2 protein chains.
Amino acid sequence: MNKAAKTDKNKDSTGRRRATSYDVAELAGVSQSAVSRVFQDGASASKAMRNRVMAAADKLGYRPNAIARGLITQRSNMVAVVISKITNLYYPEVLVQLTQRFSEHGVRVLLFALEHESDTGTVIEQMLQFRVDGILTAAIFTPEQLETVDNADIPVVFYNRTLQDQLVSSVRCDQEEGERWLVGELVNAGHKTFGIVEGPPDSVVGIERKMSALNELSKMGITDITTVSGDFGYETGRDCFTRLVEKRGSPPDAVIAANDAMAIGCIDEAREGFGLSVPDDISIVGFDGIGPASYAAYDLTTVRQPVQRMTQAAASMLIERIENPELSPEKRAFSGKLIRGGSARLRSKNG
Amino acid sequence: MNKAAKTDKNKDSTGRRRATSYDVAELAGVSQSAVSRVFQDGASASKAMRNRVMAAADKLGYRPNAIARGLITQRSNMVAVVISKITNLYYPEVLVQLTQRFSEHGVRVLLFALEHESDTGTVIEQMLQFRVDGILTAAIFTPEQLETVDNADIPVVFYNRTLQDQLVSSVRCDQEEGERWLVGELVNAGHKTFGIVEGPPDSVVGIERKMSALNELSKMGITDITTVSGDFGYETGRDCFTRLVEKRGSPPDAVIAANDAMAIGCIDEAREGFGLSVPDDISIVGFDGIGPASYAAYDLTTVRQPVQRMTQAAASMLIERIENPELSPEKRAFSGKLIRGGSARLRSKNG
DNA sequence: TCCCGATTTGCATCCGAATGCAATACTGCC
DNA sequence: GGCAGTATTGCATTCGGATGCAAATCGGGA
């Protein structure tokens, strides 16, 4: 397109190939190794050398080839981040923050997005082919899949989930504790009948939350519990509320949704579909602390995940294990923050 | 950890290095080229050969090294996707969908997340070092940055933004048309005084939307327009509404926010802070069509971007240009969909 | 059975940078 | 000025797979 491209000895554009360290070496009148050393951190190179090489490199628009470097150093400087549609939808900032954290350590993110959390199989092969230095996953692995990456000596950190009885590293929000708080607050405030809106069957997070809530409810002597299941989405939340009421015959005192989006759906349906007042007629709580949870129209009572600290921890755990593969696995659980919103009648608010 | 790892001749784990095509060749009793060919698409290899190689590969757990392949083929099979915090926050599904589309074509996504849209400089170097085959960016480039990637012969597709007077490819939602619709509907329904909540100064999208709205308003003879500026976030939307009313002295007939999140903020503030009824006292419209826009409490009148079609188009445009670098640039603008929600008094709804 | 053309297969080389080792250039010190 | 000791530099090789070309093999027809 550019007319300069038609002239013969042009270095860039349609001219000849990208400049390599050999080109730079030749122009600077030094060896290729010298060029390589100038572009490394702890390598020895005299000031004079550095200047000559840099001048030549600038003139040629040279940039070290990370691919070639990866081949020889056996380090791709890339980590795989696996998310499923759901993960991402409700926590967009997780991904951005993770990427930024890795970036700070000179590590790039190769992204793998799954339609469903159980589609992991298809991407494992890819990650291995690209020789990622580590894997951070917000999707579950089967034991075989875990073994595959283990055999390849690739460290893995699980985000908000973990593998039963397996020695793996993970970072998660303490969901059991969170549900305990929520249930405790609700029961103490006098709620006796409960509805639970659980997540999709292939979501470990959803299952964990539901089980924790059920567990705590039973500990506190609550027996009137109705459960329906959704897919973590808003629409499903509305639908679930309807099904819940139908199943029970009447609305329960409180609804515990497995995540905020469904909780918000429940609120809307309770108000619009059943003319109920939240929280006067019914209390509704969620989990996550997503943005819309704090919108004035909902002011959701929920447990907010400490995203910042979690991503920070996940990134550094993975990087540590890349740099020192001998490190033993570690599980870190962070407490969430109970947000006492206006969507539930709690002791402290009306007692 | 595994006791098998302690035995000597173990191939994987702590044993020797990952299997290479040479290892497979040796075990199968063939040449390395043969192995290479078996793992390629259009290569010639007899059935017998294929079987022997595959058997050996399986036994050794061999996987072609995408890094090495990239070095020799000059194709990394990776594209860079650049997002800024803002982009991602309000359109998480864009990223997931893009990744899936690229995946379908065997292309991996190297993710770059910017704190602000104007931080592009820091990541260009990285993308070039990793020899990405193409760049899809939802952040703006300066002309110099564009020239840099152009010189490297890397095709670029801009997502929802474009570079003035530059020959670049882009996919966008027709925002001018969208604002025209919104303004038209509002004016026709009798709104006479307007507030505009614009985006941050470094957002091209925000600027475009604001200018389009202003332009159309002036065309329709509206002169009572007050403008305040936010950062695309919900909180800022609330704040903007307050500032808008203060600046004007009283609430306008309608507020046009540069995106949905701010529009929702405005609604909440109008209701809570000023006791206004939406849409009876004031109409509020947004842009984007994010999930919460359709929550019952807001039922926002907005223009929904056709995310699916846009990501589809963006991915295929980029891939086409990777495969055929001679292709000339192309700009594709998709019409959004006007959502006539309950947050605005429109003709069709009350006339 | 023999020969020609079409497939398969192997050989050798290349992609671009990193690095151990040896050679060389400096540095300071006596 | 000479020498030991250190800091630079270059040489040669390596990482793992792709590919043009030549050699080998196969198939089938006469």
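Letters A, B, ... are given to chains in the order of the sequence lines, protein chains preceding strands, and every chain is numbered from 1. Note that the structure is a prediction, hence the values are computed from the model and not measured.
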* Would you say the side-chain atoms of A:Ser103 and A:Arg108 include a donor-acceptor pair closer than 3.5 Å? -> yes
* Asked: Will you find, in the side chains of B:Lys331 and B:Thr162, an N or O donor that is under 3.5 Å from an N or O acceptor?
  -> yes
* For B:Glu26, all residues meeting salt bridge (Lys or Arg N to Asp or Glu O under 4.0 Å), sequence neighbours excluded -> none
* **All salt bridge (Lys or Arg N to Asp or Glu O under 4.0 Å) counterparts of A:Glu125, not counting sequence neighbours** => B:Arg63
Please state how far atom [atom1] in [X] lies from atom [atom2] in [N], giving the value in whole angstrom units.
X	N	atom1	atom2	value
B:Gln74	D:dT19	CD	P	11 Å
B:Ile72	C:dG16	CD1	P	8 Å
A:Leu71	D:dG16	CG	P	7 Å
B:Ile67	D:dA18	CD1	P	13 Å

* To do: Return the residues of residues 126-135 of chain A meeting this criterion: a heavy atom under 4.0 Å from some atom of DNA chain C. Order them by number, or give none.
  => none
* Between the two end axes of the helix from C:dT1-D:dA30 to C:dC30-D:dG1, each built from 5 base pairs, what angle do you get to the nearest 10°? -> 30°
Is there a side-chain polar atom (N or O) of [X] under 4.0 Å from OP1 or OP2 of [N]?
X	N	value
A:Tyr62	C:dG16	no
B:Gln32	D:dT19	no
A:Ser31	D:dG10	yes
B:Thr73	D:dA18	no
B:Ser46	D:dC26	no
B:Ser36	D:dG17	no

Hey, what are the protein-to-nucleotides 20-23 of chain C N/O distances that come in under 3.5 Å?
unit_1 : atom_1 : unit_2  : atom_2 : d
C:dG20 : O6     : A:Arg37 : NH2    : 2.9

* Structure fact -> Contacts of B:Phe158 meeting ring-ring contact (aromatic ring centres under 6.0 Å, His included) (sequence neighbours excluded), chain-then-number -> B:Phe141
* Partners of B:Leu27 by side-chain contact (heavy atoms from CB on, under 4.5 Å), sequence neighbours excluded? -> B:Ala56, B:Lys59, B:Leu60
Taking only residues two or more places apart in sequence, or in another chain, which ones meet [X] in a side chain to side chain donor-acceptor pair (under 3.5 Å)?
X	result
A:Asn77	none
B:Thr120	none
B:Arg52	none
B:Ser31	B:Ser33

* Structure fact -> Residue pair B:Tyr22/A:Pro64 against DNA chain C: nearer the 5' end by closest nucleotide is B:Tyr22
* To do: Tell me what B:Arg75 touches on the nucleic acid: a base, only sugar-phosphate, or nothing, going by heavy atoms under 4.0 Å.
  => nothing
* Asked: When all nucleic acid strands are considered with a 4.0 Å heavy-atom cut-off, which category describes A:Val30: base, sugar-phosphate, or nothing?
  -> sugar-phosphate
* Among residues two or more places apart or on two chains, list those pairs meeting salt bridge (charged side-chain N to carboxylate O under 4.0 Å, His left out) that have a residue in residues 314-323 of chain B. => B:Arg321-B:Glu330
